[in-house]
Undergrad: 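Okay, here's the structure, questions in a sec.
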Amino acid sequence: MASTPIIVSPSGSVPPARGDSARPDADLLEGLNPQQREAVVYRGPALLIVAGAGSGKTRVLTHRIASLLRGREAWPSQILAITFTNKAAGEMRERVAQLVGNASQGMWISTFHSACVRILRREAEQFGFTKSFTIYDSGDSRALIKRLVKEHEADAFGHSPASVQSRISKLKNELEDAESFARQANMSDPAERVFVEVFGDYQRALRKANAFDFDDLIGQTVYLFRAFPHVADVYRRRFRHILVDEYQDTNAAQYALIHELTRPVQGQAPEPFEQGGMMIFEPEPQGGEQLPGASLTVVGDSDQSIYAFRGADIRNISEFERDFPGAKVVLLEQNYRSTQNILDAANAVIRNNFDRKDKKLWTDAGAGAKIVGFTGYSQHDEAQFVAEEVEALHRAGLAYSDMAVFYRTNSQSRALEEIFIRSAVPYRIMGGTRFYERAEIKDALAYLTAVANPLDDMAVRRILNRPRRGIGDVTESAIARYADSEGISFRDALANASALGVGPKLQAAIAQLDAVLAEASEVMLPATGELASPTAVADGLAMLLEKSGYRQALRASKDPQDEARLENLDEMVAVAREFARNNPEGTVVDFLAEVALVADSDDLDDEAGQVSLMTLHTAKGLEYEAVFVTGVEEDLIPHRISANEPGGPAEERRLFYVGVTRARKRLHLSLAMTRAQFGEISVAMPSRFLQEIPAELIDWRQSPGDVNGRGGTQSRALNARGQRSGSGNWNSRLRHDDPPALKPRSTSLEKFPNRIPAKVRDNGDMVLAAGDRIRHEDFGEGRVDAVTGEGAKRVAHVRFDTAGAKKLLIKIAPIEKL
DNA sequence: CAAGGGGCTATTTTT
DNA sequence: TAGCCCCTTG
């Protein structure tokens with residue numbers, strides 16, 4: 001992203017704040033409650049805002065920034081605001097812009113990771129990297145680690161690539177590097193020695209490839225600041241106000257980064273200087289040699305800490321006052337999002353986490369609707385309920401985009417998706433197999449990386465035989481050996497195909513690849529001084545895909561999935577064009593960095609009228625009118641694996657709490673009595689969290705007791721809607737100490753097999769018109785009211801005799817014409 | 001060297 | 001179940 005130069009007053013000094021008489025920020029305080037105001041106007045070295053869910057923290061944060069600017073207490077360029085997702089950053093930038101106009105342009109509002117990329121990009125040459133370094137995402141580093149584990153035969157010592165990867169990641173999050181770890185490792189343990197070797201090799205490989213992995217982005221920035229204090233001082237002088245959102249999710253490395261940035265600066269301020277296209281003028285040190293540390297504002301809620309598994313340390317927030325003596329603490333407990341019933345449920349659940357500061361959310365919005373509970377016989381039954389409920393809410397006037405469905409694990413989305421497709425409910429899945437993780441997209445990016453950062457061996461090796469060029473392991477090793485012996489990179493070795501001692505066919509294939517990459521370099525990396533055309537990245541990518549034969553191979557393939565892959569590649573080129581529009585001066589390197597750092601939760605576009613499906617983790621920070629939390633079962637939430645992890649169950653409870661508190665008006669909690677996992681159907685039990693919610697808050701459409709009691713012979717779809725069973729006290733029957741009551745007889749299990757046929761049917765050619773009668777596998781007979789849409793997306797609006805009105809996607813609905 | 005088959009195993013959350 | 005890895009065959 002290109003930074004806009006901000007010219008500040010030549011004196012470089014900050015204008016004094018005006019007196020209280022006519023606060024320039026008076027309008028910023030309107031409509032805020034006293035605690036929120038306090039959080040906006042407090043001035044001091046350190047401020048902790050403990051913000052319960054829905055308590056308006058983004059509002060407070062943005063108003064605080066605006067107030068600093070309005071009062072002329074800070075220049076935009078002196079503000080650094082850090083969030084965890086790009087989406088949150090974008091939202092914050094937008095809201096600040098609404099308050100202060102384009103003064104917001106000069107601020108850094110970004111994620112930890114992108115802020116560090118920006119810093120590293122400027123300083124990379126200080127410590128042996130080049131400006132065009134690339135970023136390894138977890139897939140890339142897994143591939144590299146896999147290779148190293150194999151090389152070292154580390155699996156013989158019980159090291160799987162996954163375990164090595166997570167261990168390295170954990171160490172890096174603790175700011176431990178390969179050397180420091182080696183020094184204190186128990187080297188008499190052979191397993192430990194092997195791990196040290198793999199770790200060391202991994203780090204050396206990264207350095208050689210001129211690449212950072214995700215964790216390095218933070219860790220290496222801290223290292224940079226510590227090893228080169230004069231570099232750190234530049235940023236300490238620049239950023240006078242640092243604000244961190246979701247502070248409870250910071251890990252040790254991020255914590256250290258914040259600490260480094262907020263240290264006082266010793267010595268004289270240097271002359272104003274220019275760097276990276278940005279003018280930075282320093283304020284004079286206030287009356288002395290030493291410039292005090294930047295003021296730090298952190299916002300967080302320890303009840304929403306859900307990332308301990310990736311190193312987040314809740315102590316960062318709970319011990320903030322100890323870390324920053326004299327810190328001011330402001331508590332925001334009034335909730336502006338949810339109804340009291342929803343908050344009561346949330347409070348009741350989170351209360352069971354013992355070592356927490358008591359905090360109670362409240363609202364004056366009224367009790368609102370009761371929470372709706374539903375127990376399905378199977379996950380499909382549960383999904384059917386969700387789909388029907390979504391439709392009912394939609395008919396009642398709620399937009400699809402105001403509804404969301406949450407689940408604990410990505411694999412749960414499948415059942416929901418199948419039913420949603422069949423019911424023609426528009427939906428959108430966030431996360432899961434992300435676009436950027438698809439093989440063809442990773443290939444396309446590897447092509448770009450090979451051009452942008454020729455030192456990145458992993459990227460070059462990845463595309464070596466994609467599309468198939470007849471280059472296999474043997475040839476790859478030959479190239480690697482040659483590169484090693486000549487002391488050149490893998491990429492450069494390709495230019496010497498004839499020296500590799502491989503057959504003529506292979507030589508030609510390698511030379512061809514080399515030529516394509518070279519040609520693309522000329523398009524995308526013009527000689528220094530010359531500016532690449534804004535569309536260079538997109539053009540270069542299109543060219544690479546065409547001339548490498550990649551697209552041709554897909555076009556020629558008879559695998560039906562390859563058509564979709566081609567479309568994905570088109571989409572990728574479109575993304576590159578979009579990037580060029582937004583960043584006219586962006587280079588391939590910038591493009592790759594942006595792509596590496598986007599998460600799927602970032603490209604939520606709200607205008608689309610679609611129900612959002614996502615994991616509970618992805619849901620953090622979002623809110624919806626109506627929320628469905630699905631799969632509220634033991635072993636799912638809390639997840640089975642969490643049981644043995646220290647702090648695991650408590651973290652799961654927070655995760656559930658996060659899900660519940662996303663809802664504004666309506667909350668649905670659902671579960672299934674049986675769930676298919678890896679082909680086996682297993683019995684599920686209601687989550688303990690359900691029992692922590694007072695019974696009177698839940699209106700069970702179908703309680704676990706109902707399902708269990710009736711033995712479950714009827715399919716949900718054939719039941720009349722709205723079967724009330726009251727909030728019967730099913731607890732007594734479903735306590736954890738007597739689960740046997742739940743054990744279904746095998747015969748009843750067979751009545752709820754996976755109701756979705758394994759193979760998706762194709763009714764594509766079925767001709768239906770208003771007035772036709774049809775029979776549906778689940779809903780029975782009905783009459784077609786209308787047919788809308790075209791081609792594969794034709795939808796039949798059917799009024800069923802017993803099941804009511806439904807919309808069906810004709811192509812795949814289990815229907816026959818009568 | 002590629003492709004296809006068979007057998008195995010791993011199943012959480014993600015910047 | 002599905003994705004992965006290894007092995008065999010072409």
Side-chain angles (χ1 to χ4, degrees), chain A residues 82-89 110-117 135-139 141-142 146 150 155 160-163 165-166 169 172-173 212-219 246 249-251 253-254 305-312 406-412 414-415 430-434 436-437 439 464-465 467-476 502-503 505-506 509 553 557 559 596-602 614-621 631 635-645 648 651-652 654-656 658-659 675-682 754 756 758:
Chain A
I82 295 184
T83 63
F84 271 79
T85 65
N86 293 300
K87 174 162 197 288
S110 70
T111 62
F112 269 106
H113 295 266
S114 12
C116 288
V117 169
I135 301 163
Y136 275 25
D137 68 18
S138 26
S141 45
R142 190 180 0 139
K146 202 184 245 173
K150 211 174 219 165
D155 47 345
S160 69
S163 70
Q165 185 179 23
S166 85
S169 173
K172 287 186 174 182
N173 286 329
F212 296 98
D213 67 17
F214 268 154
D215 302 316
D216 280 346
L217 292 178
I218 316 286
E246 307 282 14
D249 286 330
T250 50
N251 60 33
Q254 290 159 338
S305 162
I306 55 174
Y307 284 111
F309 71 91
R310 73 175 197 223
F406 304 153
Y407 35 81
R408 174 66 234 267
T409 68
N410 279 306
S411 62
Q412 289 168 250
R414 181 166 304 177
M430 323 288 314
T433 320
R434 303 142 137 211
Y436 293 108
E437 280 169 15
L464 194 59
N465 198 33
R468 309 216 133 91
R469 300 184 172 90
I471 304 177
D473 285 349
V474 182
T475 313
E476 183 180 334
V502 298
K505 256 194 188 154
L506 285 170
S557 152
D559 182 341
L597 296 175
V598 292
D600 262 6
S601 57
D602 297 331
M614 68 189 86
T615 65
L616 287 162
H617 282 87
T618 311
K620 190 163 76 155
D635 289 350
L636 217 41
I637 172 94
H639 197 277
R640 174 185 330 173
I641 292 177
S642 72
N644 303 320
E645 290 169 356
E651 175 144 323
E652 296 285 310
R654 290 192 292 270
L655 189 54
F656 184 70
V658 165
R675 194 163 285 277
Q677 296 187 89
F678 19 93
E680 294 285 283
I681 294 179
S682 58
N754 200 325
I756 302 295

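Here the structure is a predicted model, which means the values were calculated and not measured.
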Undergrad: When you compare the side chains of A:Glu651 and A:Ser642, does any donor N or O come within less than 3.5 Å of an acceptor on the partner?
TA: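 On atom types as modelled, these side chains do not qualify, holding no pair under 3.5 Å.
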Undergrad: On a whole-Å scale, what distance lies between the C1' atoms belonging to C:dC4 and B:dT13?
TA: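 Their C1' atoms lie roughly 22 Å apart.
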Undergrad: What is the distance, rounded to the nearest whole Å, between atom CD1 of A:Ile218 and atom C1' of B:dT14?
TA: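 It is 13 Å, rounded to the nearest whole Å.
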Undergrad: When we call it a touch if two heavy atoms are under 4.0 Å apart, what does A:Lys505 touch: a base, just sugar-phosphate, or nothing?
TA: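 Contact class for A:Lys505: none.
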Undergrad: Starting at CD1 of A:Ile135 and ending at C1' of B:dT15, how long is that distance when rounded to a whole Å?
TA: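 It works out to 11 Å between those atoms.
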Undergrad: Using a distance-only criterion (donor-acceptor N/O pair, under 3.5 Å, no hydrogens), is the base of B:dT13 paired with the side chain of A:His617?
TA: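 Such a pair is found, so the answer is yes.
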Undergrad: Report which part of the nucleic acid A:Arg640 touches: base, sugar-phosphate, or nothing (heavy-atom distance under 4.0 Å, all strands).
TA: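 No contact at all - A:Arg640 keeps every heavy atom at 4.0 Å or more from the nucleic acid.
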Undergrad: State which of B:dT12, B:dT13, B:dA3 makes the closest approach to the side chain of A:Arg468.
TA: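 That would be B:dA3.
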Undergrad: Classify the angle between the aromatic ring planes of A:Phe309 and A:His617 as parallel (below 30°), tilted (30 to 60°) or perpendicular (above 60°).
TA: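 A:Phe309 and A:His617: perpendicular rings.
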Undergrad: If you look at every strand shown and take non-hydrogen atoms under 4.0 Å, does A:Ile471 touch a base, only sugar-phosphate, or nothing?
TA: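 A:Ile471: backbone/sugar contact only, no base atoms under 4.0 Å.
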Undergrad: Under 4.0 Å, counting only non-hydrogen atoms across every strand here, what does A:Asn465 touch: a base, just sugar-phosphate, or nothing?
TA: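 Sugar-phosphate, backbone atoms only, no base.
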Undergrad: Within the 4.0 Å heavy-atom criterion, would you say A:Phe84 contacts the bases, only the backbone, or no part of the nucleic acid?
TA: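 A:Phe84: backbone/sugar contact only, no base atoms under 4.0 Å.
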Undergrad: With a 4.0 Å cut-off on heavy atoms, is A:Arg654 in touch with a base, just the backbone sugar-phosphate, or nothing at all?
TA: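 Answer is nothing: A:Arg654 stays at 4.0 Å or more from every strand.
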Undergrad: With a 4.0 Å cut-off on heavy atoms, is A:Ser642 in touch with a base, just the backbone sugar-phosphate, or nothing at all?
TA: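 Touches nothing.
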Undergrad: Determine the contact category for A:Phe112: base if any of its heavy atoms lies under 4.0 Å from a base atom, sugar-phosphate if only primed atoms, P, OP1 or OP2 are that close, otherwise nothing.
TA: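 Nothing: the residue A:Phe112, judged by heavy atoms under 4.0 Å, touches no strand.
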